[in-house]
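Here's the structure, in structure tokens; my notes come after.
Order of listing sets the numbers, starting from 1, for every ligand and every atom in it.
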Amino acid sequence: MEDGEEQKQRHDDASSCPANITHVIFDMDGLLLDTEKFYTVSQEKILSNYGKTFDWSLKAKMMGKKALDAGQIFVKETGLEGILSAEEFIKQREAILHDLFPWSELMPGVERLVLHLHACRVPMAIATSSHRRHFDLKTLKHQELLSHMHHVVVGDDPAVKHGKPAPDIFLAAAQQFQDPNLKPHQILVFEDAPTGVEAARAADMHVVMVPDENLDKTLCKRADQVLSSLLDFKPSDWGLRPF
Ligand SMILES: O=P(O)(O)OC[C@H](O)CO
Ligand SMILES: [Mg+2]
């Protein structure tokens, strides 16, 4: 944990920067880790059992949400209400995901960005709708890199009463930096999902979106910046030291 003098120095350094960014919060699925594809294949498989096809308009509504919220959207939007419960959907999905998550890989540009921000002493956190047990499985291979995070807030944290697009998870993550001078507009959020972008905006934070290429572009309008890849991120756009 840093001392008050270091926190003050960072605020003084940031005061001349246009966006005044001092802290970063990362989403995880589809942003740090290439795990959204696992959710996609599991949902395609479940839906095919009912003779239906999964598409990106439904994916866009589910991604970034807590499991039960996503499950409720799935059964409603696919017309499976009364045939498949959200709870049964989650059970079937978990059976598939459990074997896939330990194979999770980093998204392009993640390692460079995390190591750079760490070297610049920018405090970082993760705010993921994923619950703790899945977080542990997904991050098995990435412990060293993720040890640079100041903290992690998962979807089943009691502080997260309402899932994304509510701001709860980002506000909880901001609070856990334990910096009494930190203001939401000093925080840069990285997200891949429309609901996550809305949550960051509702928390009054800046947000860079790195959407999947299949996502409808009209769902990306609410982000401050949209990138095809984290490899395109320029720290200086946000007053942070360049790579
Ligand atoms: O994108 P995350 O990390 O908030 O997690 C989202 C869900 O687990 C899957 O969409
Ligand atoms: Mg995500």
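Every heavy atom of Gly30 sits 4.0 Å or more from the atoms of ligand 1. At least one heavy atom of Lys164 sits less than 4.0 Å from an atom of ligand 1.
Annotation: atom 5 (O) of ligand 1 to nearest protein heavy atom, Asp29 OD2, 2.8 Å. Atom 3 (O) of ligand 1 has as its closest protein heavy atom Thr128 OG1, 2.6 Å. The shortest contact between atom 2 (P) of ligand 1 and any protein heavy atom is with Asp27 OD1, 2.9 Å.
Using a 4.0 Å cut-off between a side-chain N of Lys or Arg and a carboxylate O of Asp or Glu, Asp34 and Lys37 qualify as a salt bridge. Looking at Asp157 and Arg132, no side-chain N of the basic residue comes within less than 4.0 Å of a carboxylate O on the acidic one, giving no salt bridge. The pair Glu44-Lys59 fails the salt-bridge criterion, with no side-chain N (NZ, NE, NH1 or NH2) lying under 4.0 Å from an Asp/Glu carboxylate O.
Environment of CD in Glu77: crowded, with over 12 heavy atoms of neighbouring residues, nucleotides or ligands closer than 6.0 Å. Around atom CZ of Arg241, no more than 12 heavy atoms belonging to other residues, nucleotides or ligands sit under 6.0 Å away.
Figure legend: cation-pi geometry between Arg93 and Tyr39 absent, as NZ or CZ is not positioned both under 6.0 Å from the six-membered ring centre and within 45° of its axis.
For a distance bound of 2.8 Å, the N, O or S atoms of Asp29 include one lying that close to the Mg ion (ligand 2).
Residue contacts with ligand 1: Ser129 is placed with a nitrogen or oxygen under 3.5 Å of a nitrogen or oxygen of the ligand (distance criterion only). For Ala127, no nitrogen or oxygen atom sits less than 3.5 Å from a nitrogen or oxygen atom of ligand 1, counting backbone and side chain alike.
Of all the N, O or S atoms in Asp192, the one closest to the Mg ion (ligand 2) is OD1. The Mg ion (ligand 2) lies closest to atom OD2 when only the N/O/S atoms of Asp27 are considered.
Counted by atom type alone, Lys141 and Ser104 present zero donor-acceptor pairs between their side chains at under 3.5 Å.
Of all non-hydrogen atoms in Gln186 and Asn181, the two that sit nearest each other are OE1-O, 3.5 Å.
Heavy atoms of His134 found under 4.0 angstrom from ligand 1: none, in either backbone or side chain.
The side-chain contact (heavy atoms from CB on, under 4.5 Å) test with Val189 singles out one residue from Val208, Val24, Asp224, Val207, and that residue is Val207. Each of Thr218, Leu219, Asp216 was scored for a side-chain contact (heavy atoms from CB on, under 4.5 Å) with Pro194, with one residue passing: Leu219.
Those atoms of ligand 1 that come under 4.0 Å of a heavy atom in Met28, given as number and element, are 3 (O). Atoms of ligand 1 lying under 4.0 Å from any heavy atom of Lys65, numbered from 1 in the order shown and given with element: 7 (C). Heavy-atom proximity to Ser130, at under 4.0 Å, picks out these atoms of ligand 1: 5 (O), 8 (O).
Between atom 9 (C) of ligand 1 and the options Glu36, Met63, Met62, the minimum heavy-atom separation is to Glu36.
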